[in-house]
There are 2 protein chains.
Amino acid sequence: MPVNDPLTSDAARIARAISHPVRLQILDELRDGGAYVMHLTSALGRPQANISQHLMVLREAGLVRASREGMTVLYQVSDPQVLTVVDALLALAEKRMRQRERVAEATLEPGRGGRRRHRGKCRCPRCRQQ
Amino acid sequence: MPVNDPLTSDAARIARAISHPVRLQILDELRDGGAYVMHLTSALGRPQANISQHLMVLREAGLVRASREGMTVLYQVSDPQVLTVVDALLALAEKRMRQRERVAEATLEPGRGGRRRHRGKCRCPRCRQQ
DNA sequence: TAACTTTATTCCAAAAGTTGAATACATTAT
DNA sequence: ATAATGTATTCAACTTTTGGAATAAAGTTA
């Protein structure tokens, strides 16, 4: 593997694009069928411009694609394997967290086990219809 | 998932640590049993100080651990799951590369298929003994 | 001890990433 | 056309990352 292996470089580019909490959460939200920008904005509780900026990073890395639907835009993961990477990252992080908890078993409250969802009311085409 | 989910944040930290071509190659070199710094230096063809700096990043992210053996230092992946992440990244990158090649099927030479190894002669405890 | 080998750290300047604010752009409704 | 809604881009400040050079530190050998 040469120093400037195109494979390694691209893999690093992918990792770099993923390597931000907001972008990681965005990808996570895109799991089933993608999500609308307004949904991401309310789900992550961040300013719309910021979400859009992060979406641009993901777009330029080729991890997501956008498709306009009238006034709204649907973002989808460009390849399911992207989520495989995300899953591997989350699995490792989860494992590490469990290990750290085991170390600091200083009788802290059990804490929520699962993963929470959403934070604000969303009116995107998908959330509205129900 | 809250905006500052510790899980997501840690997963992003992991991705960030991996998101550099040199560090990705380092992790790849650590596959079977780890590697010595001098080996990494010659295998990746980069100045020793730079390799050491990248190793520090990986160490601080908790992805590798170092163990001194006399004058040399052996680095090992701290958890096999780290390589699972690396594999997922490389697999996705490889897939994307194949797709791009399919698009640009302009009769370029087939090119090497496998992954090459090394570049300089290494005298680390592992390479020397044979 | 001195010389040598291997690895780690510090310093620093250049490059890249991040964010809020403002604004532009696209689409639909009035 | 104007207004309203949803999304994208630009700009400026700020923080972080990166890598070369020099040097320190740890361990070995003579």
Side-chain angles (χ1 to χ4, degrees), chain A residues 3-4 9 12-26 29-30 34-61 64-76 120-128, chain B residues 3-4 9 12-26 29-30 34-61 64-76 120-128:
Chain A
V3 163
N4 269 355
S9 295
R13 245 190 308 278
I14 294 169
R16 172 82 63 177
I18 298 182
S19 73
H20 188 288
V22 169
R23 293 197 289 270
L24 202 41
Q25 286 174 240
I26 286 177
E29 286 284 338
L30 298 190
Y36 295 89
V37 176
M38 61 190 308
H39 175 88
L40 296 170
T41 297
S42 87
L44 304 192
R46 315 221 31 137
Q48 176 270 320
N50 189 249
I51 292 290
S52 219
Q53 287 162 341
H54 284 297
L55 284 172
M56 170 158 30
V57 174
L58 292 172
R59 240 185 299 127
E60 286 175 343
V64 304
R65 58 175 148 52
S67 50
R68 190 169 266 282
E69 293 185 4
M71 216 159 28
T72 72
V73 174
L74 177 67
Y75 273 84
Q76 291 173 290
K121 38 270 150 250
C122 181
R123 293 175 303 139
C124 83
R126 209 161 272 166
C127 292
R128 192 177 32 208
Chain B
V3 165
N4 270 354
S9 296
R13 244 188 308 279
I14 295 168
R16 171 83 67 185
I18 299 182
S19 74
H20 188 288
V22 169
R23 294 196 289 270
L24 202 41
Q25 287 173 241
I26 287 178
E29 286 284 339
L30 298 189
Y36 295 88
V37 176
M38 62 190 306
H39 175 89
L40 297 171
T41 297
S42 87
L44 304 192
R46 315 223 25 130
Q48 177 270 320
N50 188 247
I51 292 290
S52 219
Q53 287 163 342
H54 284 298
L55 284 171
M56 171 160 26
V57 174
L58 291 172
R59 239 186 299 128
E60 285 175 345
V64 305
R65 60 173 145 54
S67 50
R68 188 170 268 282
E69 293 185 2
M71 218 161 23
T72 71
V73 175
L74 177 67
Y75 273 84
Q76 292 173 289
K121 38 274 152 246
C122 181
R123 293 176 303 138
C124 83
R126 209 160 272 167
C127 292
R128 191 178 31 206

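Chain letters run A, B, ... following the sequence lines, proteins first and then strands; every chain starts at 1. Hydrogens, waters and symmetry mates play no part in the numbers below; they use all other heavy atoms, side chains included.
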- For atom CZ of B/Arg123, decide whether the heavy atoms of other residues, nucleotides or ligands shown that lie under 6.0 angstrom number more than 12. no
- Query: Taking protein heavy atoms under 4.0 Å as touching, what does nucleotides 10-23 of chain D look like 5' to 3' if B marks base contact, S marks sugar-phosphate-only contact and - marks none?
  - Reply: B-------SBBBB-
- Message: I need the CZ-C1' distance between B/Arg123 and C/dT6, as an integer number of Å.
- Response: 10 Å
- Query: Taking the side chain as C-beta and beyond, is there a heavy-atom pair between A/Ser42 and A/Met38 under 4.5 Å?
  - Reply: no
- Task: Would you mind reading off the distance between A/His39 atom NE2 and D/dT7 atom C1', rounded to a whole angstrom?
- Result: 16 Å
- Query: Side chains of A/Tyr36 and A/Glu69: is there a donor and an acceptor less than 3.5 Å apart?
  - Reply: yes
- Message: Between A/Arg16 and B/Ser19 (side chain of the first, backbone of the second, donor and acceptor by atom type, cut-off under 3.5 Å), is there such a pair?
- Response: yes
- Query: Which part of the nucleic acid, if any, lies within contact of A/Ser52, taking any heavy atom under 4.0 Å across all strands shown: a base, the sugar-phosphate backbone alone, or nothing?
  - Reply: base
- Could you tell me whether the phosphate oxygens of D/dA8, OP1 or OP2, come under 4.0 Å of any side-chain nitrogen or oxygen in A/Tyr75? yes
- Heavy atoms, side chains only, cut-off 4.5 Å: are B/Asn50 and B/Gln53 in contact? yes
- Rounding to a whole Å, what distance do you find between A/Arg59:CZ and D/dA8:C1'? 7 Å
What pairs of nitrogen or oxygen atoms, one from the protein and one from nucleotides 25-29 of chain C, lie under 3.5 Å apart?
none

- Query: Can you name the nearest heavy-atom pair linking A/Leu44 to A/Gln25, along with the distance?
  - Reply: CD2-NE2, 3.5 Å
- Item | Backbone N/O of A/Ala49 and side chain of A/Ser52: donor-acceptor pair under 3.5 Å | no
- Message: I need the OH-P distance between B/Tyr36 and D/dG27, as an integer number of Å.
- Response: 15 Å
- Message: Whole angstroms only, please: what is the CD1-P distance between A/Ile51 and D/dT9?
- Response: 15 Å
- Donor-acceptor pair, side chain of A/Arg23 and main chain of A/Ala17, under 3.5 angstrom: yes
